[in-house]
Amino acid sequence: MKNIYLNIFKPNSINLRVAKKNIENNKVIGLPTETVYGLAGNAYSNKSVKKIFSLKKRPLYNPLIIHYKNLEKAKNDVVINNNFIKLYNTLCPGPITFILKKKISSKISSIATAKKNTVAIRFPKHKVAQKLLGLLAVPLAAPSANISSRLSPTSSTDVIEEFKNKIKFVLDGGKSKIGLESTIVDLTNIPKILRPGSVTPKKISNILKKKVKIDVKSKKIKSPGQLKFHYSPGIPVKMNKQRSSKKNEAIILFGKKTGKGKNLFNLSENGNLIEAANNLYKTLRKVKNNGFKSIAVNKIPNIGIGVAINDRLKRASKK
Ligand code: TXA
Ligand code: MG
């Protein structure tokens, strides 16, 4: 593709209307959120949802997250419970996804939910996502806008890099503020976290006033987000390494480090985990695009959002 900016559009009112039309016509668009960019389509339309699965090369057993502007709009599709209300009131809109029971009367495409009787819902905070959802009468099914098992995109150009000309319309919302996918919490039973993110177990536990643990190995859900190999930059990744051991290997640092070299990249010189999370996918993408053949990553403290960083690195490093 000659000009990768050709399919990227400023989120002004005219383009938001074009985005709305695209969704109403069952087309799929690139959508900014505060976590990562999504590949968004009409969640009530099988046609639209099928396109998402096929563009992403996503296995049909892996359900999508459904995005709403607010609770009012979600009520028709999911069974609400007390834990959900507590978390919603404190954290939404924001970077958290809830697994709830799907209402029998729900209009969500059964392909989007992989024929399950549960559904993942989320209320993104990003202004552009909020605006578009406000214009629409339907919710948006929106997985991260990457080919299955690859790195999630954190800018509009990442989306085009991933899908080239197959995506004709991406709304530009700048760089994703968080840079890692939302925390997923299953509320269909005793609350548990299925995917760590920037909303930590401690925060969720405090709101619910009970201990909520991470259970990424849950047997019930067969999904790539929980499969071992995921979030891959397309070259081998090794964790907990102080230095590179091979030619053409990049080293990703964390914290103040001495030394210079074209193969050195730092996630956060100040040792700030939130900054490191924000730089993670961006840096992995850059290293790959600079032609390195493998990546060694420093040890990342396993606290706060560091748990989510290590979760992604662990999966990226699996063969
Ligand atoms: O931050 C995010 O959540 C981004 C932005 C675009 O919103 N979206 C995202 O979607 O990360 P995706 O499709 O890449 O990841 C969704 C995860 C998958 O691991 C899927 O298996 C899980 O959510 N999921 C969806 N429905 C589920 C369900 N009913 N039960 C359990 N897990 C579910
Ligand atoms: Mg994803």
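Order of listing sets the numbers, starting from 1, for every ligand and every atom in it. Values in this document were obtained by computation on a predicted structure and should not be read as measured data. The first residue of the sequence shown is numbered 1, and numbering continues consecutively from there.
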_Per-atom contacts of ligand 1 with H67, taking only distances under 4.0 Å to non-hydrogen atoms_ = 5 (C), 7 (O)
*asked:* Looking only at side-chain N and O atoms, does E275 offer a donor or acceptor that is under 3.5 Å from a partner on S268?
replied: yes
*asked:* Is a donor from one side chain sitting under 3.5 angstrom from an acceptor on the other, for S182 and T97?
replied: yes
*For ligand 1, which atoms, with element, lie under 4.0 Å from some heavy atom of R195?*
2 (C), 3 (O), 9 (C), 11 (O), 15 (O), 16 (C), 17 (C)
*Atoms of ligand 1 less than 4.0 Å from G38 heavy atoms?*
6 (C)
*When you look for heavy atoms under 4.0 Å from ligand 1, do you find them on the side chain of R58, its backbone, both, or neither?*
side chain
*Are K69 and Q130 close enough that a side-chain donor and a side-chain acceptor fall under 3.5 Å?*
yes
*asked:* Please give me the minimum heavy-atom distance between F53 and P59, naming the atom from each residue.
replied: CE2-O, 3.5 Å
_Neighbouring protein N, O or S atoms of the Mg ion (ligand 2) [cut-off: under 2.8 Å, no waters]_ = S144 OG
_Polar contacts were defined as any N/O atom of the residue lying under 3.5 Å from an N/O atom of the ligand; does this apply to K56 and ligand 1?_
no
_Taking K107's backbone N and O only, do any of them form a donor-acceptor pair with D77's side chain (distance below 3.5 Å, no angle check)?_
yes
*When you check the side-chain N and O atoms of N22 and K168, is any donor under 3.5 Å from an acceptor?*
no
*Hey, what's the ring geometry for F123 with F84, parallel, tilted or perpendicular (30° and 60° as the breaks)?*
tilted
_Determine whether a donor-acceptor pair (N or O, by modelled atom type, separation under 3.5 Å) exists between the side chain of N15 and the backbone of K10._
yes
*Nearest-option assignment for atom 32 (N) of ligand 1, heavy atoms, candidates I99, T35, L31*: I99
*asked:* One thing to verify: whether R122 and E181 come together as a salt bridge, which I'm taking to mean a side-chain N less than 4.0 angstrom from a carboxylate O.
replied: no
*Hey, is A142 touching ligand 1 through its side chain, its backbone, both or neither, going by heavy atoms under 4.0 Å?*
backbone
*Can you tell me if S156 and D172 form a side-chain donor-acceptor pair at under 3.5 Å?*
yes
*For ligand 1, which atoms have a heavy atom of N62 less than 4.0 angstrom away?*
18 (C), 20 (C), 21 (O)
*Give yes if a backbone or side-chain nitrogen or oxygen of S182 is under 3.5 Å from a nitrogen or oxygen of ligand 1, and no if not.*
yes
_Per-residue contact class, I184 against ligand 1 - non-hydrogen pairs under 4.0 Å_ = side chain
*Under 3.5 Å, N or O to N or O, is R122 touching ligand 1 that way?*
yes
*Kindly give the cluster partners of L253, where membership spreads through any ILVMFWY side chain lying under 4.5 Å from a current member.*
I251, L264
_Under a 4.0 angstrom heavy-atom cut-off, which atoms of ligand 1 come close to E181?_
1 (O), 11 (O)
_How about NZ on K125, more than 12 heavy atoms from neighbouring residues, nucleotides or ligands closer than 6.0 Å, or not?_
no
